[in-house]
Engineer: 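Before I ask anything, let me first share the structure, which is written out below as structure tokens.
Numbers restart at 1 for each chain; the letters A, B, ... are given by sequence-line order, proteins then strands. All heavy atoms count here, side chains included; hydrogens, waters and symmetry mates do not.
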Protein chains: 2
Amino acid sequence: MIIIKTMMLGLIRGRMMSVMAGRALTALPRSKARLLTSHQSQHLHSASSSCQKCELTSKRYNVQRGKFSAVSEHDLKFFQELLGSHRTVLGEEELEGHNTDWLGTVRGASSVLLKPKTTEEVSAILSYCDQHQLAVCPQGGNTGLVGGSVPVFDEVIVSTALMNQVESVDTWSGVVTCQAGCILEALDQHVAEYGLMIPLDLGAKGSCHIGGNVSTNAGGLRLLRYGSLHGSVLGVEAVLASGEVVNCLSAMKKDNTGYDLKHLFIGSEGTLGLVTKVAINCPPRPAAVSLAFLGLQSFDNVLKTFKAAKDQLGEILSSCEFIDQSSMECVEGNLKIKSPLDEYPYYMLLETSGSNGDHDEEKLNNFLESTLGSGLVSDGTVATEPSKMANIWALRERIAEALILDGYTYKYDISLPLPHFYKLVEDMREHLGSNVVRCCGYGHVGDGNLHLNFTSRQYEKEILERIEPAVYEWTSQVNGSISAEHGLGFKKRNYIHYSKSLGAINLMKQMKKLMDPNGILNPYKVLPD
Amino acid sequence: MIIIKTMMLGLIRGRMMSVMAGRALTALPRSKARLLTSHQSQHLHSASSSCQKCELTSKRYNVQRGKFSAVSEHDLKFFQELLGSHRTVLGEEELEGHNTDWLGTVRGASSVLLKPKTTEEVSAILSYCDQHQLAVCPQGGNTGLVGGSVPVFDEVIVSTALMNQVESVDTWSGVVTCQAGCILEALDQHVAEYGLMIPLDLGAKGSCHIGGNVSTNAGGLRLLRYGSLHGSVLGVEAVLASGEVVNCLSAMKKDNTGYDLKHLFIGSEGTLGLVTKVAINCPPRPAAVSLAFLGLQSFDNVLKTFKAAKDQLGEILSSCEFIDQSSMECVEGNLKIKSPLDEYPYYMLLETSGSNGDHDEEKLNNFLESTLGSGLVSDGTVATEPSKMANIWALRERIAEALILDGYTYKYDISLPLPHFYKLVEDMREHLGSNVVRCCGYGHVGDGNLHLNFTSRQYEKEILERIEPAVYEWTSQVNGSISAEHGLGFKKRNYIHYSKSLGAINLMKQMKKLMDPNGILNPYKVLPD
């Protein structure tokens, strides 16, 4: 075996993989290409702050508190000794933004927020909480839409805000390994220095944490091209409720050694373990990006245009988004931003990105010529200049923010077989009539993912009861999913049976029991009562 | 709720998703584009048949039989009543090919092979076996390389050979839903009729079953472009050891409703459940494919050429394969096929596929001009004609078959950080010296996946002990994976700790206990003794 040991010394000396180790992503740099993303995120938070005094979740939803201990002076002393008092945040005011979601629809009553910096600190916290029967709510950027990232009662909030170190960038393979608290946009800009990109992009990128993205299996605007995080995430390190660290942080593209445990932590919303580090596959950053904005007369034309885009744009198609007239009226009316096209019943955004701008332009021009020529598309405009693309993206990305200004938003995030995609909006519109201010649909049509939204001046239980479970029943009948990318969190957990069989739900419950026997990790979330 | 019911009737009447339901893929059609694939598969099986009388696994590896029952007359009667006698195969000769792997390296002693056609039959078989403590070996095309798909003792073999129905092809989204026994190549040709492709391709495509591919998380030649099956598989139906059917057969691209259980069955090699159906995301079939075959003087040039290909070919790069001189000598010498290039220490195959042949050709020409001009690449040839591409692919795909003709092959399938990729071959070559006939390396360099092979005239325990655990120790030291795509199966299960932590292995064992409490599913596989 001597030869092996000698080899190893040579190897270790020769390691050149980590071109940027231990660099913290502290400040949030502004996006160069799409300034509106950070901008939007600021808007979202200011929109939220006006609603922070919404009713307590426990009261509005009549939830029973689990048999957990309440945080004692003794517990606080432990946390303060572990983290120091500046990373053990107390006080109602300081915790307000962490007890409430940004939609202003759910509110918990936690009295302590912990800010670990290392996996070891997370492990010590969870081990202590497990032994003392203290419930824990893991929190990233708190940009979730289903009440998954805020406490329901007085759970200890464990924030990843200070876990923002990039461990390494492997420029040969294109892999970044980092802590869970890195902000998505900052991480993307970090890998951009090496000609790489994070294969995930979403409206909240200026605030959301990569660990939260992974924990919720976030989808976003480019899933069509780069696939889901189950494919892009190569490795995960997570801490179990017991405090045990599960290290599946492989940075290899292929690893078939036993059960691929990392998938347990992707999309389980912090209920099976707290994600502390991730390794992500990063594609080459495209040399050229173009954005086409189209107006269409029928939803049938939307589907045919999507099919034509897949056929003609093929490997350069990086996004296929959809906006209906009602969504467009909302973003134009409430935010006073202007669409470059006249009024149409349906709009599409098609983004291309590739390694050769001339080729991409030719493909896009041919595509537009044929779809405009055949009448599939009624009108269209193309942007390649970053600020112009940002203006168009804003029409799509700021709809959520515009809806909040109506008053209260009832949000649904549905996957549907494409031929049924818009029928759900039409049927629900008819079903609800004048009970709501607005019923609109937009979203990732290329992935079959509809964002269906209703608004009213304020929260009304009667409206909610008219929407639910009707919308879930409809979705279930066509074998859709009642949560495409937002997860179940607190708000949707009791509707899981519309998308999953009893057998599957039972297996999930057994896994939860196995991995978190005391149920301290993000209770009241994901699994039904 | 009446409105919802009315809507549903309309919807169900309007369902047009399944353009091809209930079509069986019985015959294996010949590949049009790459005839050598089926050809190779025939070669493999004839190569194997000469070795079928290899030593019994239990004897060669000194394995202890688990406390399972032996199959009784009473059990056979149950199986015959369930499946009829023609689907309950008995007899040593009839079972010979199912007791032995095609490499001729492991041999079990099962006396019964069952051929269910439906999920319900699989459920009845497993439920019976679980109740009667009979061990089960699930088997697809039996093309595995780590002894995972053949019994170790007298396990009941449950074959998916007759489960070959395509349930539907969704041409809007590009999703095929089918039974587990569909042969990969036949399935790919089936979806080709709709302009789609299966995002997986490997040498054994003419024999392997899609259910086996999913159960082993097969990687193959196009993972670089289309990612792993954890990303491409949208839905799985599997039967647990108890006979319970877990239906996670969603065909939606996005579904975040609870824990994503399908990942438990992807890559767990039939030890947690038997996969009966899958839904797979199918990208558009490319309009143009080209293949460049390159000769290079150093491995450093191989890495730099890969990097240049990622940068310049970007989104059209669909495969990046590597062959060393020793592998090339083997395929040329043992199979008498000829490389179109002179002798070089290293060779690469770069495949492009895209939606516009002219654009792809221009990109590839620019790439070759720059890499030949700079001296990175010493010589090269490009093929776009299917038969010429098939000839070049044969040089890469038939290496495994060529190696068998040396006598006995010691196969290793390693993931490594790219800078260490070829160093392992060199160090092992020095370590083994003249003890072996050949030490060679080839594989999916674009994914960091090395196929490291040694041959000797016949199996020699002393050689095996010189290779193992040395090769695993080396791999572990650079944080590689000791099984990139082949899985652990029987042969590598006891080396799992070189790639996984004790905590992770313990969690795997707990999951196995939870899902298969009697341990009847594919015993002696994946998990260590």
Side-chain angles (χ1 to χ4, degrees), chain A residues 3-4 7-8 11 17 172-173 217 219 227-228 230-231 244 246-248 252-261 263 267-268 284 310 314-316 354-355 359 415 417-418 427 431 447-449 470 473-474 477-478 481-485 487-488 496 499-501 503-504 507-508 510 514 526, chain B residues 3-4 7-8 11 17 172-173 217 219 227-228 230-231 244 246-248 252-261 263 267-268 284 310 314-316 354-355 359 415 417-418 427 431 447-449 470 473-474 477-478 481-485 487-488 496 499-501 503-504 507-508 510 514 526:
Chain A
I3 187 173
I4 298 297
M7 280 193 279
M8 283 319 307
L11 281 169
M17 300 293 299
W172 285 110
S173 298
N217 188 29
S228 89
H230 282 285
E244 189 182 342
V246 180
N247 181 351
C248 304
M252 298 294 103
K253 309 245 169 174
K254 292 173 160 182
D255 176 25
N256 275 349
T257 51
Y259 309 153
D260 202 343
L261 299 174
H263 296 286
S268 57
K310 280 213 292 187
E315 63 281 359
I316 64 165
S355 54
H359 291 170
S415 273
L418 284 176
D427 284 352
H431 177 59
D447 309 312
N449 180 186
E473 286 175 357
W474 202 104
Q477 293 284 346
V478 298
S481 166
I482 65 138
S483 181
E485 59 176 10
L488 296 173
I496 187 173
S499 285
K500 289 289 153 69
S501 69
L507 186 51
M508 290 179 206
Q510 289 172 330
L514 173 70
V526 183
Chain B
I3 187 171
I4 299 297
M7 280 192 279
M8 282 319 308
L11 282 169
M17 300 293 300
W172 285 110
S173 299
N217 188 29
S228 90
H230 282 285
E244 191 184 339
V246 179
N247 182 350
C248 303
M252 298 294 104
K253 309 245 169 175
K254 292 173 161 182
D255 176 25
N256 275 348
T257 51
Y259 308 152
D260 202 342
L261 298 175
H263 296 287
S268 58
K310 280 213 292 186
E315 64 281 1
I316 63 166
S355 56
H359 291 171
S415 274
L418 285 176
D427 284 353
H431 177 59
D447 308 313
N449 179 187
E473 286 175 357
W474 202 104
Q477 293 284 346
V478 297
S481 165
I482 65 139
S483 181
E485 60 178 10
L488 296 173
I496 187 174
S499 285
K500 290 288 154 69
S501 68
L507 187 51
M508 291 180 204
Q510 289 172 331
L514 174 70
V526 184

Engineer: Got a second to check how far B:Ser173's OG is from A:Leu418's CG, nearest 0.5 Å?
Structural biologist: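 Going from OG on B:Ser173 over to CG on A:Leu418, the span is 4.0 Å.
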
Engineer: My understanding is that only one of A:Ser483, A:Ser499, A:Ser481, A:Ser228 makes a side chain to side chain donor-acceptor pair (under 3.5 Å) with B:Asp255; could you say which?
Structural biologist: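 Only one option passes, and that is A:Ser481.
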
Engineer: Identify the heavy atoms of A:Ala504 and B:Leu261 that sit nearest to each other, and give their distance.
Structural biologist: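 Minimum heavy-atom separation between A:Ala504 and B:Leu261: O-CD1, 3.5 Å.
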
Engineer: Is it the side chain or the backbone of A:Ile496 that comes within 4.5 Å of chain B heavy atoms, both, or neither?
Structural biologist: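 Looking at A:Ile496, just its side chain touches chain B.
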
Engineer: With a 4.5 Å cut-off on heavy-atom pairs, point out which of A:His230, A:His359, A:Lys310, A:Met252 contacts chain B the most.
Structural biologist: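 Looking at each of A:His230, A:His359, A:Lys310, A:Met252 in turn, A:His359 comes out on top.
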
Engineer: Please look at A:Ile482 and chain B and tell me whether the side chain, the backbone, both or neither of the residue comes under 4.5 angstrom of a heavy atom of that chain.
Structural biologist: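 Both backbone and side chain.
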
Engineer: Would a 4.5 Å heavy-atom cut-off, applied to side chains only, mark B:Leu488 and A:Asn256 as touching?
Structural biologist: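 Answer no - side chains too far apart.
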
Engineer: Can you name the closest pair of heavy atoms from A:Glu485 and B:Lys254 and give their distance?
Structural biologist: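 Closest heavy-atom pair between A:Glu485 and B:Lys254: OE1-NZ, 2.8 Å.
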
Engineer: Please determine, among B:Asn247, B:Leu507, B:Ile316, B:Val246, the option with the most heavy-atom pairs under 4.5 Å with chain A.
Structural biologist: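 The option with the most such pairs is B:Leu507.
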
Engineer: Given that the side chain runs from C-beta out, which part of A:Asp260 has a heavy atom under 4.5 Å from chain B: side chain, backbone, both or neither?
Structural biologist: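 The side chain, not the backbone.
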
Engineer: With chain B, which of A:Gly354, A:Gly227, A:Gly267 has the greatest number of heavy-atom pairs at distances under 4.5 Å?
Structural biologist: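 Among the listed options, the one with the most contacts to chain B is A:Gly354.
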
Engineer: Is A:Gln510 in contact with chain B via its backbone, its side chain, both, or neither, using a 4.5 Å heavy-atom distance?
Structural biologist: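 A:Gln510 touches chain B through backbone and side-chain heavy atoms alike.
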
Engineer: Quick check on the interface: out of A:Gly258, A:Ser268, A:Gly219, who has the most heavy-atom pairs with chain B under 4.5 Å?
Structural biologist: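 Top count of heavy-atom pairs under 4.5 Å with chain B: A:Gly258.
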
Engineer: Please report the C-alpha distance between A:Tyr259 and B:Val526 in whole Å, then the side-chain angles of each, then the deciding distance to 0.1 Å, and finally whether the side chain to side chain contact (heavy atoms under 4.5 Å, CB included) criterion is met.
Structural biologist: CA-CA 8 Å; A:Tyr259 309 153; B:Val526 184; 3.9 Å; yes

Engineer: Using side-chain heavy atoms (C-beta onward) and a distance below 4.5 Å, is B:Ser415 in contact with A:Lys253?
Structural biologist: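 No, their side chains stay 4.5 Å or more apart.
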
Engineer: Can you give me the closest heavy-atom contact between B:Thr257 and A:Lys500, atom names plus distance?
Structural biologist: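 Minimum heavy-atom separation between B:Thr257 and A:Lys500: O-NZ, 2.8 Å.
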
Engineer: Quick check on B:Glu315 against chain A: is it the side chain, the backbone, both or neither that has a heavy atom closer than 4.5 Å?
Structural biologist: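 B:Glu315 touches chain A through backbone and side-chain heavy atoms alike.
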
Engineer: If you count heavy-atom pairs under 4.5 Å with chain A, which of B:Gly487, B:Gly314, B:Ser501 comes out on top?
Structural biologist: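 Most heavy-atom pairs within the cutoff with chain A belong to B:Gly487.
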
Engineer: Contact part of B:Asn449 toward chain A, heavy-atom cut-off under 4.5 Å: side chain, backbone, both or neither?
Structural biologist: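 B:Asn449 touches chain A through side-chain heavy atoms alone.
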
